[in-house]
Amino acid sequence: MSVYVGNLSYEAKEEDIRDVFADYGTVKRVQIPTDRDTGRPRGFAFVEMETEDQETAAIEVLDGAEWMGRTLKVNKARPREGRGSSGGGGRRERSPRDY
């Protein structure tokens, strides 16, 4: 599982985030999603820590904390929801309402 970190400053770098979360345990991975078109950070990140207890400790302290001029939103990351079909070409089953 990982931790969602929202309302991040666009200036926050991976190393900055790693340093903040390191106070609560071992940071295994930091992922900062970027905008597909501009390549700029999207204002949130995902942090994976070594144990769930470490993640919980970080969430309890950092959720609502001010950092780099922003109030952080920190919670357990939810599994990514499916986006459905992104490409054409497939045939859709017809429902009785289509007739």
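Residue numbers run from 1 in the order of the sequence given. From a predicted model like this one, the values you see are computed outputs, not experimental measurements.
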| request: Specify the closest pair of heavy atoms between A45 and P33, including all atoms of both residues, with the distance to one decimal. | output: CA-CD, 4.1 Å
| Residues clustered with F46, ILVMFWY side-chain links under 4.5 angstrom | Y4, F44
| said: As an exercise, state the distance from CD1 of I32 to CG of L8, rounded to the nearest 0.5 Å. | reply: 7.0 Å
| note | Sorted by chain and residue number, the side chain to side chain contact (heavy atoms under 4.5 Å, CB included) partners of D35 (sequence neighbours excluded) come out as D37, T38, R42
| field | Check: I17 and V47 side chains under 4.5 Å, non-hydrogen atoms | value | yes
| said: What I'd like to find out is whether the side chain of V74 reaches to under 4.5 Å of the side chain of F21, using heavy atoms alone. | reply: yes
With a cut-off of 3.5 Å and sequence neighbours excluded, list every side-chain donor-acceptor pair involving residues 51-61.
from : atom 1 : to  : atom 2 : distance (Å)
T51  : OG1    : Q54 : N      : 3.1
Q54  : OE1    : T26 : N      : 3.1
Q54  : OE1    : E50 : N      : 3.4
E55  : OE1    : K76 : NZ     : 2.9
E55  : OE2    : M49 : N      : 3.4
T56  : OG1    : E52 : O      : 3.0

| Inter- and intrachain pairs under side-chain hydrogen bond (donor to acceptor under 3.5 Å, both in side chains), touching residues 8-17, at least two apart | E14-R18
| Residue pairs passing the side-chain hydrogen bond (donor to acceptor under 3.5 Å, both in side chains) test where at least one lies in residues 64-73, sequence neighbours excluded | N7-R70
| What distance separates L62 CG from D23 CG, expressed to the nearest 0.5 Å? | 8.0 Å
